[in-house]
Amino acid sequence: MPRKAVCEAPGKVIVSGEHFVVHGATAVAAAIGRGVRVEATRSRTLEVRSNVKRREALAPVKRVLESLYRSRESEPRISISVASALAEGAGLGSSAATMVAAAGAASELEGWRLDPLALAEAGAAGERLVHGNPSGIDATASALGGVILFTRGKRPQTVTLRRPVSLLVAFSGRKRNTGRLVAKVSEMKAGYPSLFAGLCKSATLVSTLCSRSLADGDAETLGSLMTYNHAVLARAGASNPGLDRLVELCLGSGCLGAKLTGAGGGGSVLAVPPPGRAEAEAVARRLSKAGFRSFLTSVPAQGARSWSE
Ligand code: PMV
């Protein structure tokens, strides 16, 4: 039996289809090169601590582990230590990555060897405790890694890229609450059911086109689709003036496309930077001058990985 098990799980960005994915549309998500590292060691009781999350915010992680051990007719006598490089409330999937990494480290310690889809399910179960009606896309992107086409209740499809694609993530500086935003967008469904059904259909189409342009490395098309996507999400109530201004700033600084990513209402903007490292870094400098932190990331990135020490 190993004395210590480690699992690293990446955060994610949603390239297309957030919110509509909750209602059955297809979305595209990509794991990013930053994430969460969890170490699991033996203990007399279940203990969870974190470098970023408050104690109350760790309750769902405990519940996920309790349920995992219960399903194996066993008791969680482990200590879990979470170190996250993902800002909370930034829309980069920090809570899903934490759940996936906690389940991954615990199962590595116990020798259960859960496959990526089982880890995704454990993560999604945790997300259900955090906000009422998650699609499961965050946990699936984190567990599987790479770029995925995701439809709720169906097996995710991996999108193979001809070459890595560079993306820019810019923080709006405002935390958002996924549950509240999902409920807000769902109000549009209640008020305008036929319009909403049409938007779900077009979100699926846009996601398919985004996955093709990612696969082909066609940054121009990807960028236009993403900007269009932002306009639709704004109409559905997921944006706000701060996010709209940040999208405008990215586009005005030479990005080929930009949109809110994840739930919206704050969090982050995802943009396709202009081609060339120097040009992309110039955009990041311009954003920084305007008071926004950003980073460049390359997709695809690895999914959750576990090992024993
Ligand atoms: O929590 P976020 O910001 O990563 O958003 C997740 C994406 C949503 O479609 C808004 C919700 C979901 O569960 O799919």
Side-chain angles (χ1 to χ4, degrees), residues 9-32 34-36 52-53 57 60 84 86-100 120-144 148-154 156 167 169-189 196 199-200 202-204 206-207 210 226 229-230 232-240 242-243 246 259-270 297 299:
K12 65 87 198 55
V13 286
I14 299 183
V15 179
S16 163
E18 51 272 89
H19 284 291
F20 301 108
V21 70
V22 172
H23 306 278
T26 299
V28 179
I32 58 172
R34 308 185 160 196
V36 173
V52 285
K53 282 192 191 287
S84 176
L86 298 169
E88 289 285 292
L92 301 180
S94 88
S95 64
T98 302
M99 313 280 184
V100 167
E121 183 38 47
E127 275 193 284
R128 282 195 282 278
L129 301 169
V130 179
H131 68 97
N133 185 20
S135 63
I137 189 170
D138 287 16
T140 307
S142 179
L144 270 65
I148 55 166
L149 264 169
F150 179 91
T151 311
R152 197 170 186 171
K154 292 199 181 151
L167 297 170
V169 178
F171 298 113
S172 68
R174 193 171 148 175
K175 290 190 182 185
R176 90 285 168 263
N177 177 314
T178 301
R180 205 174 307 138
L181 264 298
V182 167
K184 185 176 176 199
V185 172
S186 301
E187 277 170 24
M188 182 188 185
K189 184 180 182 182
F196 197 84
L199 292 183
C200 280
S202 63
T204 295
V206 169
S207 294
C210 278
M226 280 170 48
N229 207 317
H230 180 78
V232 177
L233 285 164
R235 171 67 181 85
S239 193
N240 62 22
L243 281 172
L246 184 50
K259 65 181 277 284
L260 69 84
T261 184
S268 299
V269 160
L270 179 68
T297 188
V299 299

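Whatever order the structure lists ligands and atoms in, that order sets their numbers, starting from 1. Keep in mind that what you see is a predicted model, and the values were worked out from it rather than measured. The chain is numbered in sequence order, starting from 1.
For Ser207 against Ala27, the heavy-atom pair with the smallest separation is OG-CA, 3.5 Å. Considering all non-hydrogen atoms of both residues, Glu127 and Gly136 come closest at OE1-CA, 4.2 Å.
Atom CG of Asn240 sits about 8.5 Å away from atom CG of Leu260, to the nearest 0.5 Å. Separating the CD1 atom in Ile137 from the CZ atom in Phe150 is a distance of 6.0 Å, to the nearest 0.5 Å.
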Practice task
Would you please test His23 and Ser186 for side chain to side chain contact (heavy atoms under 4.5 Å, CB included) and show each step?
Solution key: CA-CA 9 Å; His23 306 278; Ser186 301; 3.3 Å; yes
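With hydrogens and angles left out, the side-chain atoms of Thr261 and Ser268 include no donor and acceptor closer than 3.5 Å.
Atom 5 (O) of ligand 1 has as its closest protein heavy atom Ala263 N, 3.2 Å. The shortest contact between atom 6 (C) of ligand 1 and any protein heavy atom is with Asp138 OD1, 3.6 Å. The single protein non-hydrogen atom nearest to atom 8 (C) of ligand 1 is His19 N, 4.0 Å, given as residue, atom name and distance.
Heavy-atom contacts of Glu18 reach the following atoms of ligand 1: 9 (O) (cutoff under 4.0 Å). Set against the non-hydrogen atoms of Gly91, the atoms of ligand 1 under 4.0 Å away are 3 (O). The ligand atoms of ligand 1 that sit less than 4.0 angstrom from a heavy atom of Pro134 are 13 (O). Near Ile137, meaning under 4.0 Å from one of its heavy atoms, ligand 1 places the atoms 14 (O). Atom numbering of ligand 1 starts at 1 in the shown order; those under 4.0 Å from a heavy atom of Ile14 are 7 (C). Within ligand 1, counting atoms from 1 as listed, the ones closer than 4.0 Å to a heavy atom of Val21 are 9 (O), 14 (O).
Counting only heavy atoms from C-beta outward, the side chains of Leu233 and Ser239 never approach each other to under 4.5 Å.
Exactly one residue among Leu246, Leu92, Val269 makes a side-chain contact (heavy atoms from CB on, under 4.5 Å) with Phe171. That residue is Leu92.
Note: Phe196 and Phe20 have tilted aromatic rings, judged against thresholds of 30 and 60 degrees for the angle between ring planes.
Some N or O of Ser135 is nearer than 3.5 Å to an N or O of ligand 1, by distance alone. The distance criterion of under 3.5 Å between nitrogen or oxygen atoms is not met by Val22 with respect to ligand 1.
Assignment of Arg176 to the shell around ligand 1 is supported, since a heavy atom sits closer than 4.0 Å. Not a single heavy atom of Arg152 sits less than 4.0 Å from an atom of ligand 1.
With a 4.0 Å cut-off on non-hydrogen atoms, Glu127 does not touch ligand 1 at all.
For the residues Thr178, Val185, Leu181, the heavy atom positioned nearest atom 1 (O) of ligand 1 is part of Thr178.
Between the side chain of Lys175 and the main chain of Ala87, no donor-acceptor pair closer than 3.5 Å is present.
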